Structure formats: structure tokens, C-alpha cells
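Everything on this sheet refers to the single structure shown next.
Given the structure is predicted, the values throughout are model-derived calculations rather than measurements.
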Amino acid sequence: MTILLLVALLQDRVLPEGRKPADVRLEKLKDLDGSFPFEVPATKEAWEARAAELKLRTRVALGLWPEPERTPLNSRIWGKVERPDFTVEKVAFESVPGLFVTGLLYRPKTKGPHAAVLSPHGHEGRLWDYGDKGVRRMIADGAERFERSGRWPQLARCATLARLGCVVFIHDMLGYADSTQIPTSVAHRFSKPRPDMETAARWGFYSPQAENRLQSILGVQAWSCVRALDFLCSLPDVDPSRLGVTGSSGGGTQTILTCALDARPAVAFPQGMVSTSMQGGCTCENACYLRIGTGNVELAALFAPKPQGMTAANDWTKEMMTKGFPELEKLYGMLGAKGNVLCKNHVHFPHNYNAVSRALMYGLFNKHLKLGHEEPILEEDFEPLSPAEFTVWDAEHPAPPSGEDVEAALLKSMAEASDRRMTPDAVAKGLEVLIGRGLPAYVERVKVEKIDQGDRWLFKDLLRHKGEELPLLTLHPKNPKGKVAIWADGEGKSAIFGPLPRKLVEAGWSVLGVDVLYQGEFGDVKVQPKVANTRAYAGFTYGYNAPLFAKRVHDLLTVIAYVRSDKDAPKELTLIGADGAGPWAAAASARAGDVVSRAVVDTGGFRFAALTSYLDPDFLPGAVKYGDLPAILALSGPRLWVAGEKAAPAGATLVPGVAEAVDLLLK
């Protein structure tokens, strides 16, 4: 054993042997069944800043940043069915080229222009049918009023809204009714990886390639909702200034997200999903990054101060009257619109969008869409649609092709379309969300030990920031030159005892080494921790927890902030990433900006696109969408010295390796 290694083993621990840092990130990961309270900011200005941050995060998480091109809808309307007060027509349009959105269009027979309502459905489907016995039980329980129309509760609200004077479009989620291009088994029942779909040129949903591009079922459905609003606004009998959105369960999730993405709706009723509890159990309701540090109550709050309503039922929403709704009322009150949010306690009903809940929605929409009806508004019975009348595709309008080839072609074309719209600004903002943090405003230093090593000091410290705790070593020369190097290394903080850091110390540099999460004193991990969900979907883990790659970047940002906030802040701060830590250092440099004087990064030729598992410790969902590592490197510009690459980004300096870079630093 060399003397250097012996010194490292004896001196590189900050905490006693066997003790790990007191870091909240070592606790159990958060999952969709966690607690998601909404803390209302203290001021209107603070809320506006938070809302802007969340709206960007929502777009990024759903794969909609930058916003996709609004390609021609190529909409078709046919098969009109007459009812006494309204008509029903079949609709198909392309939300993106080749992907058809299908549904039914309800139109009042009164003269327009009319208000319009988008009505996404949940996991019961557009054609949810209680059946004869089921609807009688619902009537006996007070949940429904009529045996005929009450059997189809999704269509009942469309019919009633049409009678009230609204054009209503109810469309199919992927895999339901006539939306067959992506089957239900993929869109909603995915469980195990699909290796046959995972190649560099051909991939499907839920694969590492899809997650690398933030392509999700939830994102596709959210974009379908936005395009459905485009479709409604294109109709000559619709008043685009009077738009509403309402859906229940999975349709409630779509309502929340549509109203966060699109400024056009004037009123919303996200039924059954505004809750501080369970956030949506289907793969189609989750996406990477979407609910890190937030939840459905705060996402619904993004619609404020516009009017919206919901109910509490005997499901995950049962505590809304005391957890969630008071905070929404507080926010609306701060914005001068307290009366614009309502929630009724219907916990005597199970999870629902029954006639009682729908009546609450009718009153809200009547008022804010200016329908002009006397209240209370009650549903009336109507003749249900026959299968031939509610089925979109027919002999004259055959269903488009479906299956894995369609799926693979769709995702590839979406990726290419996204690449065409990408800009340096979009990359920078995308990375802002992917990393999820900039420089902390305050870092606490806890001094542990100071060791005299002759011509230098060895400081052992703990850095603390919001429940995180990092073991830090600093080699500080007794005759310092005012220059500091943060040495990020795949081996952790013990690497500062190596020959290259020693050369810097001997030249008067202070060199800091840190154990980032799951390095050194944290304990080593070979795969990324995941939530305890039986389905192998990245969104169940990264939808609620930052990826390990991002957390390690957070740790480097914490060290950078600590150095720059010190009373003896250095003249020059260099961040060095070596031996596998180059990509972390590149991302930290990009987020820290000019606070870092120079970044020396050895990438080792790393590319996110080469990772084959979403549990790889370096996996960062969305990284490929935003240009992979070369785009991250480019954000540091002239401050960057890069090794391990065939060419340097514009303005950066290409060096053979870290050793040569150290020699250049010392000239």
C-alpha cells in the first residue's frame, strides 16, 4: 500500500466510521401515494414567480418545450345524429401528423356563436356504461336521475351542456374506443420493459430512448387536449372567448394540465383528481419531473384566478375540505378572487362524476360562460346513442393503421420535429428544469476538524443546505494565491490526495473535494434507487424525485455557492470534473454561470443517448431532447476547457486531458 493511499484512507473521512451523512435524500423516495401539500406563497409576486417556474416545468415534463408546431389538423366531421335539442357528430383530426384524435361533437340547435367545452374522459372511457342494474343502484343512491341517459355518465354531461347552449367535444384517450393506434396495453397497462422496441433508430414509449426525449403517453394526451381546443376554436359556431374544460379521474388530470398549458379556457372543473394524496396511479398520468416538489393542488392553482370547481369524494380527495381547498381559497383570496374557487363535500359518494357533481359544474359553467339559464340546472333524460352512432370509424371512414410500427414512427417523427424547433435558449431553459436547481442562496458550514500538514491545512467540514449534508475536504496552502479548485471526481473526495490536485496545492491553490450523493461516506450505489412500484416506468420515480445525476449536480452547486459566499472568496474559482464526474461538472458549470471562472471537464466521450437503462446512475430524462452532453458543454462557452471530445463547442478550449489542463492552469 502506497503512503499516499494510506494517508487518504486515514484522513479522507469527515464522519466517524460507519456513520452516513444526515441527508434527507437517503430517506425513502417519494411516490404517487405520498403527501403533496400546497404552501401558498406570502405575496402575489412570489406566487407569480412560482407559477412561471411550474408552467415551464409542466411544459418540459410533458415534452412540450419548446412548444411543438401546430401542424394542420386535417379535421373531418361526419355522421350527424339528430336529437330534439342538439346534434351529435363524429370527429377525427391529427394532433400531430399521423396521430388521430377521435371523439364526438355535440352542438346545440340554437343560434351561435356558442360557448364551447372540452370534455376529456377518465379510465372508464368515453363509452362508460353502468348497465341496467348499475344505473338503478346509482339512482337508488341519489347519484343519477334517469335510467336511460344515466347509464352513460360521460355522454350525459355532453348532452346537458349542449342543451345549455355549449358546443362540446369529448375525445378518446389513447387506447380507448376509437383511438386504437396506440393500444390500451401500451398506453395504460405497461408493466415490463419492451426490449424488442429499444434500438438507436426504433423505440417505443417507456423505453430509455423515449424518456431521454421526454416522450410520454401523458405528454401526447396533453398535446391532444391543446389541439382539441384548437379544433373547437376553428368551428364557425364557437365563441373562442368562452371556453371551458372538464373531466373526471384521468380526465381530471387532463383538465388540470390543459389549463396549466393553455391560457384560453375561462372556466374549469377538474373532478376527482385535485388532492394532496394520490396523484394518479396510471402510467398515462405520470411523467418525469412533473410533480417534484409539487402536486395536483398546486398544479390546479396555476389556473387561478380563473374560476374552477371540484368535489371531495370518498377516495383520495376525501380530505380536500381541510387539506388543499383552504389553500386554494387562500391563494384565490390573495389574488382578489376568493369566490372563484369552489369545492363541495360529497364524501358520501365514491370516486365519481355523477349527476350531483355534474350539477355543480353546470352552475359554475352557466355563470362563467354566460349561458344565461335560471338555476338550479337539472339534467333531463335523452335517447342514448346506438353503437353505430357513437362509433367513429366506419366503412367510409376506416380506422388508421396501428401497432408498434406506427408507435415507433410517431416517436421518431416527434423527436425530429422537436429537434427542428430547438434553440440555445430552449436548451438552457430545458436544462434549468432537468437539473432543477441553481446556486443556493445560503450554505451552512459545520467545522469538523483542522489538521496541520506542514505547508498546508486539511479542513474537514460538513456543508448543509435544506436537509442535505455533504462531507467536504479542503487542502489549503499556508501561503495561498487566492485561487480555488473544486475537484469533482468519480472516486469522491479522496481524489484530492492524488498527484494532480497535489500539484495545484503546491502551487498555492486551495483544492476542495466532496462526496456527492452515493459516493464515499454516503455508500456506493451501482444503480439508481427507484420507488417501490411493480411497473418499470421511469415516470413513477422521476416524476416525484430528481434523478441521481441532477442530485449530484446539486451537490456541486452547493460547494460552488459555499466557496463564493466565503468571507475570503477566491479571485479565481475553477471547477474540475474528472474520472466520470465530467458530465456532472459540465452541468454544474452551465447552471452556475460566470460564478465559475473556468470549468475543466473530461467527458470520456460520455453520451446520455448511450445509456440502456433508466436506472443507470447517470440517467437524466430529457437530456437527449436538449442536445445531449454537447449542448450542456456549449452553455459554458469560453469558460470551458474540455477533454474526451473530438471537437470543442464554439468558444471552448479542447485539451488532451485533465493532467494537461492542470499544467496550463499553473503556467
Side-chain angles (χ1 to χ4, degrees), residues 53-68 198 200 203-223 257 260-261 283-284 286-294 410-438 528 530 536-554 583-584 586-588 590-591 606-635:
E53 172 193 340
L54 285 176
K55 286 181 179 180
L56 174 63
R57 167 119 61 88
T58 300
R59 289 186 176 278
V60 170
L62 297 176
L64 303 177
W65 176 262
E67 184 175 282
E198 297 177 14
W203 65 90
F205 286 107
Y206 309 109
S207 65
Q209 289 86 342
E211 300 304 333
N212 263 327
R213 296 166 174 84
L214 295 175
Q215 295 175 328
S216 67
I217 295 295
L218 181 58
V220 172
Q221 290 186 164
W223 185 242
L257 296 178
L261 292 169
T283 51
C284 81
N286 289 271
C288 295
Y289 303 110
L290 183 60
R291 297 183 180 91
I292 298 176
T294 188
L410 169 67
L411 295 188
K412 186 175 181 180
S413 67
M414 287 170 56
E416 292 170 348
S418 174
D419 291 345
R420 290 193 295 269
R421 295 179 71 80
M422 198 60 65
T423 65
D425 179 65
V427 170
K429 289 185 177 180
L431 183 65
E432 178 183 326
V433 173
L434 269 54
I435 299 304
R437 185 183 296 180
Q528 179 129 211
K530 65 181 288 290
Y537 175 36
F540 286 150
T541 293
Y542 306 131
Y544 303 90
N545 308 275
L548 179 54
F549 182 96
K551 292 175 181 177
R552 287 173 166 174
V553 176
H554 297 171
W584 316 337
R591 292 296 297 130
F606 172 85
R607 292 294 183 268
F608 292 101
L611 301 180
T612 58
S613 170
Y614 78 96
L615 296 179
D616 190 291
D618 281 328
F619 193 74
L620 183 69
V624 173
K625 179 181 179 72
Y626 294 106
D628 213 310
L629 188 60
I632 295 176
L633 294 170
L635 293 174

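Remark: side-chain polar atoms of Asn286 are not paired, donor with acceptor, to backbone N or O of Phe540 under 3.5 angstrom. Between the side chain of Arg421 and the backbone N or O of Glu67 there is at least one donor-acceptor pair closer than 3.5 Å. Of the possible donor and acceptor atoms, none in the side chain of Thr294 sits under 3.5 Å from a partner among the backbone N and O of Arg291.
To the nearest 0.5 Å, atom OH of residue Tyr537 and atom CZ of residue Phe205 are 9.5 Å apart. The structure places OH of Tyr289 at 10.5 Å from CZ of Arg57, a figure rounded to the nearest 0.5 Å. With rounding to the nearest 0.5 Å, the separation of CD1 in Ile292 from CG in Leu54 is 11.5 Å. How far CG of Leu548 is from CZ of Arg552: 4.0 Å, rounded to the nearest 0.5 Å. Atoms CZ and OG1, on Phe619 and Thr612 in that order, are 10.0 Å from each other to the nearest 0.5 Å. One finds the OH atom of Tyr626 at 14.0 Å from the CZ atom of Phe608 (value rounded to the nearest 0.5 Å).
Surrounding NZ of Lys412 are at most 12 heavy atoms belonging to other residues, nucleotides or ligands under 6.0 Å away.
Closest approach of Leu411 to Gln215, counting heavy atoms only: O-NE2, 2.8 Å. Of all heavy-atom pairs between Leu214 and Gly622, the closest is CG-CA, 3.5 Å. Considering all non-hydrogen atoms of both residues, Pro621 and Pro547 come closest at CD-CG, 3.6 Å. The two residues His554 and Arg437 come nearest to each other via the heavy atoms CB-NH1, 3.4 Å. Closest heavy-atom contact between Trp203 and Ala415: CZ2-CB, 4.1 Å. Nearest heavy atoms, Ala631 versus Val427: CB-CG1, 4.0 Å.
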Checklist line | Worked verdict on Asp616 versus Phe549 for side-chain contact (heavy atoms from CB on, under 4.5 Å) | finding: CA-CA 9 Å; Asp616 190 291; Phe549 182 96; over 6 Å; no
Note to self: Leu261 vs Trp223, test: side-chain contact (heavy atoms from CB on, under 4.5 Å). Steps then yes/no.
What the structure shows: CA-CA 9 Å; Leu261 292 169; Trp223 185 242; over 6 Å; no
Next item on the list: Assess whether side-chain contact (heavy atoms from CB on, under 4.5 Å) is satisfied between Gln528 and Tyr542, documenting all intermediate values.
Entry: CA-CA 11 Å; Gln528 179 129 211; Tyr542 306 131; 3.1 Å; yes
Next item on the list: Please lay out, stage by stage, how Ser418 and Arg213 fare under the test side-chain contact (heavy atoms from CB on, under 4.5 Å).
Entry: CA-CA 9 Å; Ser418 174; Arg213 296 166 174 84; over 6 Å; no
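With a 4.5 Å cut-off on side-chain heavy atoms, Trp65 and Lys625 do not count as touching.
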